[in-house]
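Source: prediction; values computed, not measured. One is the number of the first residue; the rest follow in order along the sequence. Side chains included, hydrogens not; waters and symmetry mates left out as well; all remaining heavy atoms used.
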Amino acid sequence: MLFVVMAALTGVMFMQGKGTPKLGLDLAGGTTVTLTAHTENGKTPPGQQMDQAVKIMTQRVNGLGVSDGEVAKQGGNNIVVNLPGQGQTRAAETIGSTAKLQFRQVFAEASGLPSQAPATTPAPTASPSGKATGKPGGKATIPATGGPSAKPTTSAEPSDTATPRGRALSKALTAPTPSGSPSAKPTGSSSPKPAGTPTAQVPPVGADGNDFAGVDDKAAIAQFQRTVCDPKGGPTVPGSNDVNRKWVVACDDKAEKDDKGNIRVTKYLLGPVRVLGEDVKSASAMPPDTSQGQSSWSVNLTFTGKGGNQFSQTTTEASKAYQSNPSSPQAQVAIVLDGQVVSAPSINQGPITGGSARIDGPAESFTQTYAEDLSNKLKYGALPLEFKMSAIDEVSSTLGADQLRGGLIAGGIGLALVLLYCMVYYRGLGLVAVGSLVVASWMTYVAVVILGENIGWRLSLPHIIGLIVSIGITADSFIVYFERIRDELRAGRALRPSVEVAWKRARRTILVADAVTFLAAVVLYFLAVGGVAGFAFAMGLTTLIDVVVVFFFTKPLVALLSRTKFFGRGHKLSGLDAKRLRRTAQARANSTVRPTSQEV
């Protein structure tokens, strides 16, 4: 059975196309990124916020896999991120991104490009890309605008329609996404005024077709009218990422093409924040569900109780606005991520309740990488500060190659000494130890390769130290079992009964010893970081492998050998010569000096 499992694991390793382990930063080099915090007043950020940023970045690094990445604060406003492997710029951007998520109601929209004529606000279409669709179980899918904002381009695929609200959307939403500044407080408690009840400050209907109903801030209207969006998805509009501002202007995160090939970017005038990303309980990247007609990856979101109620209230108001006037901009709810609108769907089929949602989009833009990056940023919260990359350095692997060679030599010497000891002391029985160590070594190697491909575990010097230490742990299990067998032979039992009786007694000792080692590894892994955590991970892995090898290889092999003439009859070179063991035990007993007393 063990060999079947080993063959299956070996097959998995080769099916992945990788036959060597991934190496960590200290062995294979990597990328060192320096992130500098920026504040509005230009002063050094508070130490508490920097510590919180380090904690969130560390969680994001761990979210990328057990890759032995490190995050450390440097000075008053710098954080240094070390990531193993070359070309880790994209991962560093994910780790250091702010990822502030906001849900705001739309109050006006227009073309954000000066070369295009101002667009009026048409009535939303009934196509799937322009509506919010309620689904059983409290879930809903809201198509979103724009593609992934990591690297926007002007070569977006043509949309289904040319209208701003009816266009094909690159992202779909089923629930709010986690993010937002942890220290920010939602300002969405004030509900927007109903359409058609403008205040005294509201100007007349503009040339862009917006009547700005409910907007009581002339400065915000003026900013909206003069804003020109970058068709390449450039910097956000000033103030668009400020959760404390009541009225903000934001642009789509990506340009699109209409059915005539014209590039279009929409700008929005948005009301108060209604839901913050911090009110999202969880986020996870999900593969496409073909049974539901999906062709792209998605991000599933779950709200907290507060967030779910706020989202339900927001979509209720937007739905009422749609029922009153289908062409009203207030029928839309904008999803704003890092100051850019990634979706602004019309809520035209009733409010969305249930506290869960999904963000998805077309396969060409919403890829697995984008979905995983987005869920990772949102899942671990928003950074309390804005960071920009100030330096990127590639670390050479030359020194790591020398360290790796030294580690392998040390491991080889340790393994050779253990095998030599087993062969000298246990003679023929030492072959069982040799075979067990070979099986354990192969299982460890395959496990390291498979884990490297699936969870990003990279082999570093602390890992190698943990693997070398495990040689002694594994040999300990064999010695416990072998000594129990020899004790039974000294007591006068035959070999075959001794094998079974010794196993019943030895397995309890082996399990207790391995349990203590594994528990220590688990505690150390969760309490430590960086290289120490990697050492604990390697030690815990090899401890589990030791249990498997002893139970499914060592014991069955000893039982099988006990039936052969060489071992069963106790050959002098077998290591199980009962007569010799008894003579040795008797000689030791006779040589024991017992103190005596004399009476005077």
Subject >> Test side-chain contact (heavy atoms from CB on, under 4.5 Å) applied to Ile79 and Thr34, Val33, Val54, the passing residue >> reply: Val54
Original post:
Would a distance-only check, ignoring hydrogens and angles, find a side-chain to backbone donor-acceptor pair under 3.5 Å from Ser312 to Gly308?
Top reply: no
Original post:
Looking only at atom types and distance, does a side-chain atom of Gln330 sit under 3.5 Å from a main-chain N or O of Ser319, one as donor and one as acceptor?
Top reply: no
Hey, does [Y] have a side-chain heavy atom less than 4.5 Å from the side chain of [X]?
X	Y	answer
Lys388	Ser390	no
Leu451	Leu541	yes
Asp230	Cys251	no
Leu269	Val215	yes
Leu270	Val341	yes
Trp247	Gln223	no
Gln340	Val336	no

Which atom names give the shortest non-hydrogen contact between [X] and [Y], and what distance separates them?
X	Y	value
Phe518	Gly540	CD1-O, 3.6 Å
Ala213	Phe107	O-CD2, 3.4 Å
Ala371	Ser298	CB-O, 4.1 Å
Pro21	Val449	N-CG2, 3.7 Å
Ala321	Ser328	O-CB, 4.2 Å
Gln332	Ser346	CG-OG, 3.6 Å

Rounded at 0.5 Å granularity, tell me how far [atom1] in [X] sits from [atom2] in [Y].
X	Y	atom1	atom2	answer
Asp279	Asn309	CG	CG	10.0 Å
Glu317	Gln105	CD	CD	6.0 Å
Arg104	Ser240	CZ	OG	8.5 Å
Gln102	Leu276	CD	CG	6.5 Å
Arg274	Thr315	CZ	OG1	9.5 Å
Ile347	Thr314	CD1	OG1	9.5 Å

Original post:
Should Asp252 and Lys267 count as an ion pair when the cut-off is N to O under 4.0 Å?
Top reply: no
Original post:
Any Lys/Arg nitrogen of Lys246 or Asp217 sitting under 4.0 Å from an Asp/Glu carboxylate oxygen of the other?
Top reply: no
Original post:
Any luck finding a side-chain donor-acceptor pair between Asn82 and Thr32 under 3.5 Å?
Top reply: yes
**OP:** For the residue pair Asn78 and Thr36, confirm or rule out a side-chain donor-acceptor distance under 3.5 Å.
**Re:** yes
**OP:** Kindly determine whether Val237 and Val248 satisfy side chain to side chain contact (heavy atoms under 4.5 Å, CB included), including the steps that lead there.
**Re:** CA-CA 9 Å; Val237 179; Val248 299; over 6 Å; no
Original post:
What is the ring orientation for Phe224 with Phe212, classed by angle as parallel under 30°, tilted 30 to 60°, or perpendicular over 60°?
Top reply: perpendicular
Subject >> Residue pair Ile335, Phe103: steps toward the side chain to side chain contact (heavy atoms under 4.5 Å, CB included) verdict >> reply: CA-CA 5 Å; Ile335 306 159; Phe103 291 83; 3.7 Å; yes
